[in-house]
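What follows is one structure encoded as structure tokens, with my remarks underneath.
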Amino acid sequence: MEIASKYNPRAVEEKWYSFWLEKKLFHSEPDKRHPYTVVIPPPNVTGVLHMGHMLNNTIQDVLVRRARMMGKNACWVPGTDHASIATEAKVVNMLKEKGIDKRDIGREEFLKQAWQWKEEYGGIILKQLRKLGASCDWDRTAFTMDDIRYESVIRVFVDLYNKGLIYRGVRMVNWDPQALTAVSDEEVNYKESHSKLYYLRYYVEQSDDSNQSDYIVVATTRPETILGDTAVCVHPEDERYQWLRGKRLVVPSVGRSVPVIMDEYVDREFGTGALKITPAHDVNDYNLGMKYGLETINIFNDNGTLNANGGKYAEMDRFACRKAIMKDLEEAGLVEKVEDYVNKVGHSERTDAVIEPKLSTQWFMKMGDIAKKALDVVEDGKIQFHPEKFKNTYRHWLENIKDWCISRQLWWGHRIPAYYVDVDGKREVVVAATREEAFEQVCKRWPGVVKNADDLVQDEDVLDTWFSSWLWPISLFDGIRNPDNEEIKYYYPTDDLITAPDIIFFWVARMIMAGEEYRGEVPFRHVYFTGIVRDEKGRKMSKQLGNSPDPIELMEKYGADGVRMGMLLTAPAGNDLPFDVKICEQGRNFANKIWNALRLVKGWEKSEEQKQSPENEVAVEWMEQRMASVLGEVEKDFDQYRLSEALMNTYKLIWDDFCSWFLEMVKPAFGHPIDRETYEATVRIFEKLMCMLHPFMPFVTEEIWHLLQDTDSDVKAELVAGSSIMMQHMPVSVFFDQRMLDDCSTMREIVAGIRNIRSSKGLSPKDELELFVMSEEGKLMNKRFDGVIRKLANVKQINYVAEKVENSVSFMVGTTECFVPMKQNADSADDRKKLEEELRYAEGFLASVMKKLNNEKFVNGAPEKVVALERQKKADAEQKIAALKERLGL
RNA sequence: GAUCUGCUAGCUCAGUUGGUUUAGAGCGCUUGCUUGACAGGCAAGAGGUCACAAGUUCAAAUCUUGUGCAGAUCACCA
């Protein structure tokens, strides 16, 4: 069979993904097996695959594929998120390009357009995930706004309202003037910015005491808000301002007279110690306003321009107004000074617009008991975080949590099922899943007020996106509408959640709350937090910087397997991933290495008569032991969610142990056949290795697994063609013989020692050598490895001797000296130098051991075992030193 | 400002309850190889005062305290 010397992932990957889909190997239905469930963090329906998704979904796929091969009924549910703000913004823009304003076409038409747009462009990301090899159960693909999920959200809202956990109220909220909606506290990012601190003069009204200065200076970063000033506040014990008690001030430029209030809230050290109060546009000012019964003057429109209260500045944008008002104040001589000032300004997570605190009526969800429950399950370990450090962040947030603002002034989303009705001139509200149910309620409570259901006015707002995704692990299995259905009972709670730490509050915490509230059980048992993918300079990958490689191009260049491996190699849980496309090369090279190992094995001619040689026998035995040992380590790695380590251990097992050592041990000489027994053992081992690697590199392992199969007969060929590595059992660790592994490392040391001599003496691998070991036969290692040494190091004969050998070069293996006789140049200056160095090291080592042994406290205080070990070290070192000295002729 | 995490080879990271040879891996680097699977390869090699300082201990990369640096989360004073 002719096989290309370079592995070509492209065709292979496409072929096998279609095959898996066709055979429905990703599909899961409840059955007798143990379930293993993962729900995808739903990407935005309009999103495009980026490196963060790549990392996150690779990890999920590794865990899911492994669980599947371990005999679990693995179910990975994919889906997308409607992403209220982001998607609405995109649709609004799309319409704007067509010259359409969303208000002109109205809610219904807008939603029609949005859905159309979603059908057309949405879900690209899910198709991209297939290229990566994601083994999602695509038959279960869900959307946070499809019928089941929509209805679930509405039901939950009604239920929480009836439980008194949801309420409507007027509060100061974070207003996004670009998206024209309120956002939650979590959706505000505070960014450091270079601002100015403006010092403005506020004149005292009708100052009659001519000894006092007739104005005070107030510092502000937002001079435009003086239009809404309704007081100035100073600290009650501030001596500088005692004379102001009971006085009134004139707001500069505006001319409004406002009172001076005194409150300890004011920081005397900051600015001038005098604070202007704008209750409509600052949370703290609002609180002071409430406390002192101040007037609240709203000066902004929803889009951040000034309203009629802005007087001559009306209709101006807030930032333009700032400039304009400063110019006017300057001209009027009301500006004391302007300083540079660094502060933090809140920006909208979605639109990046500067957040405006705004007083408005919104819906909120109470976070009291439910937050406590969500904290408890993490504190007592029912849910484990990986890495654990995120527990701190989580705890801190939940202990300081405020009520959740869940209403958004948007159209794209789950419309709040609240209906309003006028009763005796008062606006009353009912909450119900449907308009009909709402109507029934109204009829019962206020008979005769409304004639039919259409007369009810539904709330215009939709719910926060996270108010649907917090139900995801439940609603995916229809557990809200049908809490006793077979699927939810089987698949819930899910096992692992893999997500980025930046949505720990938005999503993770709230899913835990929903789980407790609606299932009385945690939604998942482990949360694996991935790191942030950064570029080689350590910067976060972002569209603006343009430093993010296109994942599709990467996969085309290196193969999906190569990219998967590259990312996983340097991505321990919770650690940022400094991504350099170069690490994908390592993945690609690895695939190629395995490919060539296959070429080697497939190229062997098998002999039926030839009996297995003792070398091959020991090689097979050793490789099996070695595999058992590494399997144990990999299992431990997975238990601790150390995926990078698991992959690295598998990588070394395949590249070093299997390719560099095992295959070299059993490889027949050119033109010679291999005995069938060894061949079959090799194939069996190779297959197992592919199973171990499959979760990480699904495509190349599937390809090789198929090519390894014996397809001598048509029947067999057909059987193999219909089968998959995915259906094989993951090998499990078994007891292994450590002595065998130790013997093999000794053998490796000897081979390396001889290779070393070859390279330093310029000897060709073809020159046959002889080896003398100063030890009894079989003492250094099991003599079954002698044949292996002869083969790998091209040694004609191994002799065991009691005396050192003249005219030879030597090396030490532990405390045993080995000699390779030389025809000439036995002892070069280089050799001496090396020996001297070794001697120096050994003497230094002995000194450090003696320091301990000469210390009475150590000998008496340390455990016996430790002391005995030091004595052994001493003996070994002394023996080694003696040998080296003799060699050096000292 | 508060809290948390980290600091080990050029880079990215391991290093379990202190003791297994004066610290390991992968990549990178250096040197030598057209070795009948693979140059996307093979073989050999160099490279570290475990951030710094003090302490506890017979014994510290590992425990304690302090300092420095980096990062994360939260809170913000206009």
Side-chain angles (χ1 to χ4, degrees), chain A residues 3 5-7 190 197-198 218-222 225 233 265-267 269-272 274-278 282 284-285 341 343-344 387 389-397 400 501-502 504-505 532 536 538 562 569-572 574-578 580 582-583 585-586 588-604 636 640 642 644-645 648-649 651-652 655 659-660 663-664 667 670-671 752 755-756 758-760 762 764-766 814 841-842 844-849 851-852 855-863 865-867 869-870 872-874 876-877 880:
Chain A
I3 311 178
S5 77
K6 291 225 158 106
Y7 172 64
Y190 288 90
L197 194 55
Y198 304 92
V218 174
T220 178
T221 52
R222 300 199 57 190
T225 61
C233 188
Y265 166 76
V266 175
D267 176 1
E269 307 299 314
F270 190 90
T272 60
L275 168 66
K276 66 185 219 50
I277 306 296
T278 322
D282 183 280
N284 298 305
D285 290 13
Y341 181 65
N343 64 345
K344 288 195 176 165
K389 65 178 177 187
F390 288 108
K391 241 169 124 166
N392 293 319
T393 313
Y394 182 80
R395 181 186 312 115
H396 186 263
W397 185 72
N400 297 285
D502 51 354
I504 183 170
F505 310 135
I532 295 163
E536 62 276 20
L569 269 178
T570 46
N575 266 35
D576 284 0
L577 183 142
D580 189 333
K582 272 193 189 152
I583 59 175
E585 259 177 50
Q586 196 181 347
R588 181 201 60 183
N589 293 354
F590 185 41
N592 194 53
K593 179 74 185 176
I594 304 165
W595 181 251
N596 276 290
L598 175 84
R599 286 180 66 215
L600 174 70
V601 173
K602 290 308 269 189
W604 285 340
K636 238 192 281 165
Q640 297 171 45
R642 293 157 58 130
S644 299
E645 299 268 309
M648 183 54 79
N649 277 322
Y651 172 78
K652 285 192 286 192
W655 196 308
C659 294
S660 297
L663 288 180
E664 293 298 330
K667 183 164 142 186
F670 182 66
R755 282 178 181 166
N756 227 330
R758 280 189 196 279
S759 103
S760 69
S764 152
K766 284 174 188 144
Y841 178 91
F845 177 70
L846 179 65
S848 84
V849 172
K851 207 169 135 194
K852 286 186 206 170
N855 185 339
E856 240 175 84
K857 284 184 190 164
F858 170 74
V859 179
N860 299 331
K865 243 171 86 184
V866 177
V867 179
L869 192 74
E870 290 302 315
Q872 183 61 48
K873 284 192 209 168
K874 177 186 173 226
D876 288 354
K880 194 165 178 176

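Residue numbers start from 1 in every chain, and the chains themselves are labelled A, B, ... in the order their sequence lines are given, proteins ahead of strands.
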Would you say [X] reaches [N]'s phosphate, i.e. side-chain N/O to OP1/OP2 under 4.0 Å?
X	N	answer
A/Y651	B/rC27	yes
A/Y198	B/rA78	no
A/K652	B/rG26	no

Write down the distance separating the [atom1] atoms in [N] and [M], rounded off to the nearest Å.
N	M	atom1	result
B/rA46	B/rC29	C1'	9 Å
B/rA44	B/rA25	P	13 Å
B/rU34	B/rG28	C1'	24 Å

Can A/N649 and A/E645 be counted as having a side-chain donor-acceptor contact under 3.5 angstrom? no

Dump the pairs, protein N or O against N or O of nucleotides 21-23 of chain B, anything under 3.5 Å, distances to one decimal.
from: B/rU22; atom 1: O4; to: A/Y841; atom 2: O; distance (Å): 2.5
from: B/rU22; atom 1: O4; to: A/G844; atom 2: N; distance (Å): 3.4
from: B/rU22; atom 1: O4; to: A/G844; atom 2: O; distance (Å): 3.4
from: B/rU22; atom 1: O4; to: A/F845; atom 2: N; distance (Å): 2.3

Show me, range against range, the stems involving RNA chain B, built from at least 3 consecutive Watson-Crick or G-U pairs below 3.5 Å. B:1-7 with B:68-74, B:10-13 with B:24-27, B:29-33 with B:41-45, B:51-55 with B:63-67

Would you indicate what [X] reaches in the nucleic acid, counting non-hydrogen atoms under 4.0 angstrom: base, sugar-phosphate, or nothing?
X	result
A/L869	sugar-phosphate
A/K667	base
A/F505	sugar-phosphate

Given RNA chain B, 5'-ward residue of the pair A/E664 and A/K857, judged by closest heavy atom: A/E664

Pick the closest RNA chain B nucleotide for A/I532 and for A/D267 by heavy atoms, then say which residue is nearer the 5' end. A/I532

Could you tell me the separation between the SG atom of A/C659 and the CD atom of A/E664, rounded to the nearest 0.5 Å? 9.0 Å

One character per nucleotide, please: for nucleotides 5-18 of chain B, 5' to 3', B when the base has a protein heavy atom closer than 4.0 Å, S when only the sugar-phosphate does, - otherwise. S------SSSS---

So, applying side chain to side chain contact (heavy atoms under 4.5 Å, CB included) with A/T225, which one of A/I277, A/D282, A/T278, A/D285 is it? A/T278

Sub-3.5 Å pairs of nitrogen or oxygen atoms, protein against nucleotides 40-43 of chain B:
from: B/rG40; atom 1: O4'; to: A/N589; atom 2: OD1; distance (Å): 3.2
from: B/rG40; atom 1: O2'; to: A/N592; atom 2: ND2; distance (Å): 2.7
from: B/rG40; atom 1: N2; to: A/R588; atom 2: O; distance (Å): 3.3
from: B/rG41; atom 1: O3'; to: A/K593; atom 2: NZ; distance (Å): 3.2
from: B/rC42; atom 1: OP1; to: A/K593; atom 2: NZ; distance (Å): 2.8
from: B/rC42; atom 1: OP1; to: A/W655; atom 2: NE1; distance (Å): 2.8

Check salt bridge (Lys or Arg N to Asp or Glu O under 4.0 Å) between A/D576 and all other residues, then give those that pass, not counting sequence neighbours. A/R534

Output all residues satisfying salt bridge (Lys or Arg N to Asp or Glu O under 4.0 Å) with A/K582, sequence neighbours left out; order by chain, then residue number. none

